[in-house]
Amino acid sequence: KRPHRHQEIELPPVEPMVIEYRLHELSCDACGQMTRASLPTGVSPLGYGERLSAIVSLLSGPYRHSYRQVCALMQDLFGVSVSRGSVGRLRDEMSAALSAPVVAAKDYVQSQPIIHSDETSFPQGNRDGGNPNRTKGWMWVLVTPLVSFFDVVLSRSQKTAKALIGETYRGIVTSDRCSAYGWIAVEKQQVCWAHLKRDLTAMAERMGASHEIGEALLRRQRRLFRWWHRVRDGTLSREQFIRQVIHLRQGFKATLDEAAALPIASDEKSPLAKTVRTCRRLIKGEPALWTFVSTIGVEPTNNAAERALRTAVIWRKTSFGTQSQRGSQFVSRLMTVTTSLKAQGRNILDFLAHACLAARTGKEPPSLLPQQHH
């Protein structure tokens, strides 16, 4: 008979391994000058090995612990005494070590045919003089299936979007209707229907004509997504979906046109005026609502980017952003690394340790690109 199997997982006591290097100093018999030996290549003058440095960076980065908490955890878990100043120096070292892999990740993302983009506020202080005007910071993200790129920028402008996405980018960008993406040709955009649904719901919750307009648009939105879910589960072919959407799109646009034609004053702030202005903006970018219908691989929502930003939002709420430009770089680079490695199923701690050691020994850093690309 087969015995019942029960397994208990336990962790052995962890004791730090201390390696001591003795650098002898001798004087020259001829001139008396003192000469001391140098540390071997790869040994950091900071006094911490690359794996310990990786753990400190992981705790103070994606796990969002404060400097004080990192010091306490290192003492409690590993019996290692680390000062808050050392935490800051190790973070700076790791950030520099990740610079090249993150730049390569950005280039890779800009080469992909479809990008999901989003942004959220992320305050940055002026402790190192990087934000003298106390400008509001923004965490931007560009998401592809296997690699994502994050960057904290003191702007939410079209100029920033062009620099991040690439002004010559020829793929399709899925985003909300933020004006920062206005420079992208409408046929190269996919507007997020999840954001749009919230606007349509707001219309429907108003009184009078706004309610009727919102309800009419929501009915078509619900029908569209019933069909889309059937496309995803294979019960409706793409060709059938395209044919069915033709009539639905005509009705959707006709409702927008009727709403946009309603007379309102330029400075009117009534609920109906809000509805009319929303419909007028939607008409301008109407083709971008339907890119996903005929383009395989394009999703109708920007959920991928919003999920990627969720960690940054929690980080912002617990830390109130960063205190310096260096801190923002650390956050951006760690977010890029951890999000990309998770998508590829790769070990984050090993990658950080490898990157740190490569920087200390002058060797090529590990790559964030999918394995077949390097």
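Bear in mind the structure is a predicted one, so any value in this text is a computation, not a measurement.
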How far apart are the C-alpha atoms of Trp290 and Phe252, what are their side-chain angles, what is the distance that settles it, and do they pass the ring pair (Phe, Tyr, Trp, His ring centres under 6.0 Å) test? CA-CA 11 Å; Trp290 313 98; Phe252 195 92; 5.8 Å; yes
Go through Glu93 and Arg91 one step at a time and tell me if the salt bridge (charged side-chain N to carboxylate O under 4.0 Å, His left out) criterion holds. CA-CA 5 Å; Glu93 181 190 31; Arg91 280 166 51 110; over 6 Å; no
Between Leu196 and Leu282, is a side-chain contact (heavy atoms from CB on, under 4.5 Å) present by the stated rule, with each step listed? CA-CA 9 Å; Leu196 178 59; Leu282 287 173; 3.6 Å; yes
Would you check, one step at a time, whether the test side-chain contact (heavy atoms from CB on, under 4.5 Å) holds for Gln221 with Arg219? CA-CA 5 Å; Gln221 180 270 329; Arg219 282 196 297 272; over 6 Å; no
Going through the distances and angles, do Lys253 and Glu258 end up as a salt bridge (charged side-chain N to carboxylate O under 4.0 Å, His left out)? CA-CA 9 Å; Lys253 188 173 185 303; Glu258 291 174 9; over 6 Å; no
Which is it for Asp350 and Arg51 under the salt bridge (charged side-chain N to carboxylate O under 4.0 Å, His left out) test, yes or no, and what are the steps along the way? CA-CA 8 Å; Asp350 287 346; Arg51 192 167 183 84; 3.2 Å; yes
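A pairwise comparison of heavy atoms in Met203 and Gly214 identifies CB-CA, 3.7 Å as the closest pair. Here the closest non-hydrogen pair linking Cys279 and Ala260 is CB-N, 4.4 Å. Closest heavy-atom contact between Asn126 and Asn131: OD1-N, 2.8 Å. Residues Ala259 and Ile213 come closest through the heavy atom pair CB-CD1, 3.5 Å.
Using a distance-only test at 3.5 Å, with no hydrogens or angles considered, a donor-acceptor pair links the side chain of Tyr169 to the main chain of Pro113. Between the side chain of His211 and the backbone N or O of Ala204 there is at least one donor-acceptor pair closer than 3.5 Å. Of the possible polar contacts, one joining the Thr255 side chain to the Gly251 backbone as a donor-acceptor pair under 3.5 Å is found. Here the side chain of Gln75 pairs no donor or acceptor atom with the backbone of Ala72 at under 3.5 angstrom. Proximity of a side-chain donor or acceptor of Ser86 to a complementary backbone N or O of Val82 within less than 3.5 Å is not detected. With hydrogens and angles disregarded, no donor-acceptor distance shorter than 3.5 Å links the side chain of Thr295 to the backbone of Val298. For Ser148 (side chain) and Ser340 (main-chain N/O), no donor-acceptor pair under 3.5 Å exists by modelled atom type. Side chain of Thr135 to main chain of Leu154: no donor-acceptor pair is present (N/O by atom type, distance under 3.5 Å, no hydrogens or angles). Of the possible polar contacts, one joining the Arg170 side chain to the Thr168 backbone as a donor-acceptor pair under 3.5 Å is found. For the pair Gln344 (side chain) and Leu368 (backbone), a donor-acceptor distance under 3.5 Å is present.
Hydrophobic clustering (side-chain heavy atoms under 4.5 Å, transitive across Ile, Leu, Val, Met, Phe, Trp, Tyr) groups Leu77 together with Leu58. Linking Ile, Leu, Val, Met, Phe, Trp and Tyr whenever their side-chain heavy atoms come within less than 4.5 Å puts Phe225 and Leu200 in one cluster. Under the 4.5 Å side-chain contact rule for hydrophobic residues, Ile165 and Phe150 do not share a cluster. One hydrophobic cluster, built from ILVMFWY side chains closer than 4.5 Å, holds both Val102 and Leu90. Under a hydrophobic-cluster definition in which Ile, Leu, Val, Met, Phe, Trp and Tyr are linked whenever side-chain heavy atoms come within less than 4.5 Å, directly or via other members, Val143 and Ile115 are assigned to different clusters.
With a 6.0 Å cutoff to the six-membered ring centre and a 45° limit on the axis angle, Arg64 does not count as a cation-pi contact of Trp315. Remark: Arg316 fails to qualify as a cation-pi partner of Phe122 under the 6.0 Å distance and 45° angle criteria applied to the six-membered ring.
Between Met34 and Leu26 there is no side-chain heavy-atom pair separated by less than 4.5 Å. Here the side chains of Leu341 and Asn347 are not in contact, with every heavy-atom distance at 4.5 Å or above. Between Val152 and Trp140 there is no side-chain heavy-atom pair separated by less than 4.5 Å. Side chains of His195 and Glu306 form a contact here, defined as non-hydrogen atoms less than 4.5 Å apart. In this structure, the side chains of Thr322 and Phe330 stay at 4.5 Å or more apart for every pair of heavy atoms. In this structure, the side chains of His116 and Glu299 come closer than 4.5 Å at one or more pairs of heavy atoms.
Rounding to the nearest 0.5 Å gives a distance of 14.0 Å between CD of Gln124 and NZ of Lys136. Atom CG in Leu217 sits 9.5 Å away from atom OG1 in Thr275 (nearest 0.5 Å). The OG1 atom of Thr301 sits 12.0 Å away from atom CH2 of Trp193, with the distance rounded to the nearest 0.5 Å. Taken to the nearest 0.5 Å, the CD atom of Glu286 stands 6.0 Å off from the CG atom of Leu289. Rounded to the nearest 0.5 angstrom, His247 NE2 and Arg220 CZ are separated by 7.0 Å.
Arg277 and Glu268 are not joined by a salt bridge, as no carboxylate oxygen comes within less than 4.0 angstrom of a charged side-chain nitrogen. A salt bridge links Arg22 with Glu20: the closest approach of a Lys/Arg side-chain nitrogen to an acidic carboxylate oxygen falls below 4.0 angstrom.
Residue Arg206 places its CZ atom among more than 12 non-hydrogen atoms of other residues, nucleotides or ligands, all under 6.0 Å distant. Surrounding CD of Glu25 are more than 12 heavy atoms belonging to other residues, nucleotides or ligands, all under 6.0 Å away. Around the NZ atom of Lys162, the shell of radius 6.0 Å holds more than 12 heavy atoms that belong to other residues, nucleotides or ligands. The 12-atom threshold is exceeded at CD of Gln69, counting heavy atoms of other residues, nucleotides or ligands nearer than 6.0 Å. Within 6.0 Å of CE in Met207 there are 12 or fewer heavy atoms belonging to other residues, nucleotides or ligands. Environment of OH in Tyr67: crowded, with over 12 heavy atoms of neighbouring residues, nucleotides or ligands closer than 6.0 Å.
Between Arg226 and the options Arg222, His229, Arg230, a side chain to side chain contact (heavy atoms under 4.5 Å, CB included) holds for only Arg222. Each of Glu239, Gln244, Arg238 was compared with Ile242 under the side chain to side chain contact (heavy atoms under 4.5 Å, CB included) criterion, and only Arg238 meets it.
Between Trp228 and Phe292, the ring centre distance stays below 6.0 Å.
Side-chain contact check for Gln325 and Ser328: no donor-acceptor pair (N or O, by modelled atom type) lies under 3.5 Å.
Sorted by first and then second residue, the pairs that involve residues 172-191 and meet side-chain hydrogen bond (donor to acceptor under 3.5 Å, both in side chains), not counting sequence neighbours, are Ser117-Tyr181, Glu119-Tyr181, Arg177-Asp199.
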